[in-house]
Amino acid sequence: MTAFYNEIDPYAAQWLRRLIDAGHIAPGIVDERSIEDINPDELRQYTQVHFFAGIGVWSYALRQAGWPDSRPVWTGSCPCQPFSAAGKGLGVNDPRHLWPHFFRLIRAVRPSVVMGEQVAGKAGLDWLDLVYVDLEPCGYSVAASDLPAASVGAPPARLRMVAS
């Protein structure tokens with residue numbers, strides 16, 4: 001199998017399985033545990049690893065961009081509530097702040113390419129600072145861009161910051 005999808009929401013996990021079966025996203029397995037419960041050794045056999053997978057948007061988008069399923073990549077759309085204006089503004093003190101768990105797995109397995117996204121604006125930049133501080137000492141180069149959903153034809157602006 002090529003991909004490991006991690007998604008705790010049962011409804012989204014079932015959608016992932018349907019999208020895999022239909023061939024719309026990379027073939028793989030869907031794991032419904034919390035990222036906190038995943039051991040790095042479990043991930044070493046997979047070419048692509050998608051955390052907070054939702055309904056497979058990263059896999060689908062990568063395919064649309066010409067990224068083959070056989071090319072290694074890890075993705076993670078960490079929960080935005082700790083850093084979003086819609087959340088309580090707790091940032092790193094919010095129990096939904098899961099970047100440390102994502103980073104723990106990255107540091108242990110050392111995937112060649114990691115991509116993620118977060119809300120844009122000051123709150124997202126606070127998150128990005130954490131990403132830089134963690135990844136750069138491990139030898140990763142980090143870059144980010146603000147991409148509104150409208151830039152790909154979606155009606156709302158909904159700014160998102162993409163880091164890779």
| task | Using atom types as modelled and distance alone, determine if a side-chain donor or acceptor of Asn6 lies under 3.5 Å from a backbone N or O of Arg33. | result |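 Yes: the side chain of Asn6 pairs with the backbone of Arg33.
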| query | Is the backbone of Tyr11 close enough, under 3.5 Å, to the side chain of Gln14 for a donor and an acceptor to pair up by distance? | reply |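 No; judged by distance alone, with no hydrogens or angles, the pair does not exist.
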[atom1] of [X] to [atom2] of [Y]: how many Å apart, nearest 0.5 Å?
{"X": "Leu105", "Y": "Glu36", "atom1": "CG", "atom2": "CD", "result": "10.5 Å"}
{"X": "Met115", "Y": "His50", "atom1": "CE", "atom2": "NE2", "result": "10.0 Å"}
{"X": "Ser141", "Y": "Tyr132", "atom1": "OG", "atom2": "OH", "result": "9.5 Å"}
{"X": "Tyr5", "Y": "Ser59", "atom1": "OH", "atom2": "OG", "result": "3.0 Å"}
{"X": "Ile38", "Y": "Leu43", "atom1": "CD1", "atom2": "CG", "result": "6.0 Å"}

Closest approach of [X] and [Y], non-hydrogen atoms and distance?
{"X": "Ala144", "Y": "Leu128", "value": "CB-CD2, 3.5 Å"}
{"X": "Leu16", "Y": "Gly54", "value": "CG-O, 3.3 Å"}
{"X": "Asp134", "Y": "Pro137", "value": "O-CD, 3.5 Å"}
{"X": "Phe102", "Y": "Val114", "value": "CZ-CG1, 4.0 Å"}

| request: Please work out whether the ring planes of Trp99 and Trp127 are parallel, tilted or perpendicular, with thresholds of 30° and 60°. | output: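 Ring orientation of Trp99 relative to Trp127: perpendicular.
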| request: Give a yes or no on whether Ile8 atom CD1 has more than 12 heavy-atom contacts from other residues, nucleotides or ligands under 6.0 Å away. | output: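 Open.
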Are [X] and [Y] joined in one hydrophobic group, where the rule is that I, L, V, M, F, W and Y side chains link up if heavy atoms are under 4.5 Å apart?
{"X": "Val133", "Y": "Phe103", "answer": "no"}
{"X": "Phe51", "Y": "Ile55", "answer": "no"}
{"X": "Val131", "Y": "Val109", "answer": "yes"}
{"X": "Phe52", "Y": "Trp15", "answer": "no"}

| message | Do Val73 and Trp67 make a side-chain contact, defined as non-hydrogen atoms from C-beta onward lying under 4.5 Å apart? | response |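 Counting from C-beta outward, Val73 and Trp67 do come under 4.5 Å.
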| said: Under 4.0 Å between a side-chain nitrogen and a carboxylate oxygen: does that hold for Arg17 and Glu7? | reply: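 No salt bridge links Arg17 with Glu7.
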| Among side-chain atoms of Glu117 and Ser77, is any donor-acceptor pair under 3.5 angstrom? |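 Distance-only check passes for Glu117 and Ser77.
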Listed pairs under 3.5 Å, donor-acceptor, residues 19-30 side chains, sequence neighbours left out:
none

